[in-house]
Amino acid sequence: MYRAPVEEIGHTLTHVAGLKKMLDEGLAGDLSPDLVSAILTEAGRFASEEIAPLARIGDERGAQLKSGEVTTPPGWPELYRKWCEGGWNALAAPEHWGGQGLPMMLAVAALEMWNSGSMAFAIGPTLTMGAIEALEKHAGEDLKKTYLEKLVTGEWMGTMNLTEPQAGSDLGALKARAERAADGTYRIFGQKIFITYGEQDFTENIVHLVLARLPDAPAGTKGISLFLVPKFLVGDDGSLGPRNDVFCASIEHKMGIHGSPTCTMIYGDGKFGATPGAVGWLVGEENRGLACMFTMMNNARLAVGMQGVAVAEAAYQKAFAYARERRQGRAEGDKGGEMSPIVEHPDVKRTLLTMKAMTQAARAIAYSCAHAMDMARFTGGEEVAHWQHRANLLTPLAKAFPTDVGVEVASLGLQVHGGMGYIEETGAAALLRDARIAPIYEGTNGIQAIDLVMRKLPQADGAHVRGFIAELRQDAETVRGANMPELGETGERLSAALDDLEEATEHLLRLQGEGQAEAALCGATPYLRLFALAAGAVMVARGAVSAGNAAQARLSRYLAENHLAETAALKRTVIEGAESLIAAAGALVEG
């Protein structure tokens with residue numbers, strides 16, 4: 001059974017990601033280390049004792065659709081109510097609307113624990129949090145007054161309606177349409193697919209945020225507007241009125257996250273209401289919907305990254321517990337007559353250490369991204385731009401690397417279980433099935449790599465990424481000079497990995513400067529992996545040195561001396577691989 005690693009999470013927040021300095025400088029108001037500890041402890045208790053016990057029934061029973069109504073797994077609606085009563089939905093929400101206004105760092109730490117308990121359960125509230133931020137930043141005051149308080153408390157849930165059957169990740173191909181109505185509202189028509197918790201039995205009302213086109217909109221992404229479309233219309237007194245013309249036509253039968261209803265939503269076909277058309281309200285400006293939605297999407301990308309960390313942590317715990325109990329063979333040097341626990345075999349030790357080290361590196365990157373978001377919110381003056389650039393740079397890393405790690409670690413967990421891992425009874429397979437969606441949705445990891453190379457590296461003409469690498473070098477030098485024998489050659493290995501990162505970065509910036517976008521894109525995915533490995537390893541070592549923690553230092557050394565050799569190969573792929581890729585792909589297309 002999953003037990004929230006509260007101490008490890010607190011260590012990463014405090015000694016790696018920057019929470020200690022934030023608290024010392026008073027940037028987070030009255031938030032104190034004691035309060036942080038209390039919040040993490042209670043979040044861990046809820047995740048371990050309330051959410052995790054219902055994960056299995058969620059996987060086995062899944063969400064069900066009958067006569068247009070979705071039923072979630074037994075016990076889940078009651079679990080959601082307990083979660084809301086605990087105030088967890090309001091953790092980082094604006095105080096003005098009933099939230100607690102706490103740092104994003106605490107919200108994502110709690111989010112990790114929810115998702116380790118059950119990824120399928122936690123994804124629903126996650127989208128509500130994104131909807132809150134999108135409305136708070138972009139909606140008019142009337143919409144805020146009508147919807148935000150209910151969303152902050154969790155009494156209503158929010159969704160994100162982006163893609164359609166023909167569009168996939170290409171939002172410029174959207175066809176859902178909006179028509180202006182005489183009363184200042186809009187009528188929405190069309191189909192949306194892959195809508196998480198588009199219909200559910202947790203809340204009375206559901207607030208859909210929907211991308212659609214106006215009749216006179218420009219083509220492509222410049223002609224998309226964002227609309228708020230509630231399941232039930234809301235009266236002037238806040239009471240629920242008639243059903244809006246939107247419904248769930250089907251739910252997907254998925255590889256994993258079975259308890260989460262993934263819906264096909266139909267808007268404006270006349271099923272409900274006096275006349276066809278789902279009533280919607282414009283959020284932000286006409287034809288500027290994508291900018292509004294990206295507020296929600298950036299948070300969602302970090303949240304999905306946390307799903308990767310969460311599944312990796314749960315998979316590691318499950319595999320470690322099994323390895324301590326399962327006896328097979330005799331470990332080298334064991335002269336006893338009984339079989340040894342498999343945790344004593346070197347290959348199993350290596351596998352478990354890889355799982356733990358990669359999980360910690362992924363957690364460090366994701367928490368550091370949340371820290372940058374917080375600093376952009378809490379600081380002022382020129383610092384805001386610096387921290388916004390940092391958040392921009394880390395977001396694709398924080399989405400892609402942890403979700404890749406989630407799949408890798410869950411797969412390794414299956415390997416530790418041996419044949420029993422392939423049997424559903426152990427629960428190891430369920431984690432791998434759940435994890436596999438995370439590198440796909442909220443922008444595939446290939447799209448994250450494109451974003452990193454084409455948009456984030458050129459920020460400030462490359463000055464920001466160069467500055468970040470310089471900061472990582474300072475950490476590597478601190479590690480090199482630390483009087484901790486447990487670190488071994490960690491400092492030297494970190495420096496070599498950063499050399500690889502710097503060389504690959506300069507190569508990609510040069511290609512862009514020369515207009516060789518295709519060549520740069522060929523190296524995008526290996527570059528993101530290189531960047532994340534180097535930065536994550538530095539962050540793990542930073543935490544070990546900062547806390548003076550011998551166990552963390554040993555893990556950091558394992559990561560540096562066993563996995564950072566990969567950065568040299570990745571650098572070579574980034575710099576030398578484009579020509580062969582383009583040539584081979586041309587032959588592939590030609591048949």
Side-chain angles (χ1 to χ4, degrees), residues 169 301 304-305 308 312 354 357-358 361-362 364-366 369 392-409 411-412 435-436 438-440 442-459 462 465-466 468-469 472 493-514 516-540 559-560 562-588:
S169 297
R301 285 172 174 176
V304 170
T354 297
M358 287 299 186
I365 289 172
C369 181
N392 293 343
L393 179 67
L394 291 180
T395 294
L397 293 174
K399 193 278 180 181
F401 182 68
T403 55
D404 283 342
V405 164
V407 174
E408 293 166 14
V409 170
S411 181
L412 289 173
R436 192 58 189 88
I440 297 172
E442 298 308 333
T444 66
N445 286 358
I447 289 174
Q448 303 306 315
I450 293 169
D451 180 47
L452 174 64
V453 169
M454 303 305 291
R455 299 185 183 91
K456 305 308 169 56
L457 293 192
Q459 289 182 128
V465 67
R466 291 183 179 112
F468 181 57
I469 294 172
L472 296 175
R493 300 297 179 91
L494 294 176
S495 294
L498 291 173
D499 288 343
D500 294 332
L501 174 60
E502 184 171 32
E503 191 174 344
T505 300
E506 294 300 333
H507 173 75
L508 292 173
L509 287 170
R510 183 168 58 254
L511 286 179
Q512 290 197 63
E514 295 171 354
Q516 298 186 55
E518 185 179 17
L521 288 170
C522 287
T525 291
Y527 175 75
L528 188 148
R529 177 81 176 187
L530 163 57
F531 201 147
L533 274 177
V538 170
M539 291 174 183
V540 172
L559 176 59
N562 286 270
H563 291 282
L564 282 189
E566 187 181 340
T567 64
L570 289 166
K571 177 197 72 174
R572 189 166 183 177
T573 301
V574 171
I575 294 175
E576 301 176 10
E579 184 177 348
S580 61
L581 191 158
I582 292 169
L588 187 69

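All values below were derived from every heavy atom in this structure, side-chain atoms included, with hydrogens, water molecules and symmetry-related copies excluded.
Closest approach of A398 and A366 over heavy atoms only: CB-CA, 4.0 Å. Contact detail for V453 and P458: the closest heavy-atom pair is O-CD, 3.6 Å. Considering all non-hydrogen atoms of both residues, L564 and A497 come closest at CD1-CB, 4.0 Å. Between L528 and F401, the closest heavy-atom pair is CD2-N, 4.2 Å. Scanning all heavy atoms of the two residues, the minimum distance from V407 to A435 falls at CG2-O, 3.6 Å. Across all non-hydrogen atoms, the minimal contact from M454 to A517 is CE-CB, 3.9 Å.
L530 is not listed as a side-chain neighbour of E503, based on a closest heavy-atom distance of 4.5 Å or more. Between F531 and L393 there is a side-chain heavy-atom pair separated by less than 4.5 Å. Looking at heavy atoms from C-beta onward, K456 lies out of side-chain contact with V465 at the 4.5 angstrom threshold. Considering only heavy atoms from C-beta on, L397 stays 4.5 Å or farther from C369 through its side chain.
Between the side chains of T525 and N445, not a single donor N or O lies within less than 3.5 Å of an accepting N or O.
Remark: side-chain polar atoms of K399 are paired, donor with acceptor, to backbone N or O of A438 under 3.5 angstrom. Using modelled atom types, one side-chain atom of R301 and one backbone atom of E442 make a donor-acceptor pair closer than 3.5 Å. A donor-acceptor contact shorter than 3.5 Å is absent between the side chain of T444 and the backbone of I440.
Taking CZ from F468 and CG from L501, the interatomic distance works out to 8.5 Å, rounded to the nearest 0.5 Å. Atom CD1 of residue I469 and atom CD of residue E502 lie 6.0 Å apart, to the nearest 0.5 angstrom. Here the straight-line distance linking atom CZ of R455 with atom CD of Q512 works out to 10.5 Å at 0.5 Å rounding. Taking CE from M358 and CG from D404, the interatomic distance works out to 10.5 Å, rounded to the nearest 0.5 Å. Here CG of L494 is found 6.5 Å from CG of L498. Values are rounded to the nearest 0.5 Å. Atom CG of L559 is separated from atom OG1 of T354 by 8.5 Å, given to the nearest 0.5 angstrom.
With sequence neighbours excluded, the residues satisfying side-chain hydrogen bond (donor to acceptor under 3.5 Å, both in side chains) with T567 are D500. Applying the salt bridge (Lys or Arg N to Asp or Glu O under 4.0 Å) rule to R529 yields the partners E408, E566; only residues at least two apart in sequence or on another chain are considered. Residues forming a side-chain hydrogen bond (donor to acceptor under 3.5 Å, both in side chains) with T505 (at least two apart in sequence, or on another chain): Y527. With sequence neighbours excluded, no residue forms a salt bridge (Lys or Arg N to Asp or Glu O under 4.0 Å) with R510. With sequence neighbours excluded, the residues satisfying salt bridge (Lys or Arg N to Asp or Glu O under 4.0 Å) with R493 are E489.
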Throw together a table of side-chain donor-acceptor distances under 3.5 angstrom for residues 572-584, partners on residues two or more places apart or in other chains.
unit_1 : atom_1 : unit_2 : atom_2 : d
R572   : NE     : E576   : OE1    : 3.0
T573   : OG1    : A569   : O      : 3.0
S580   : OG     : G577   : O      : 3.1

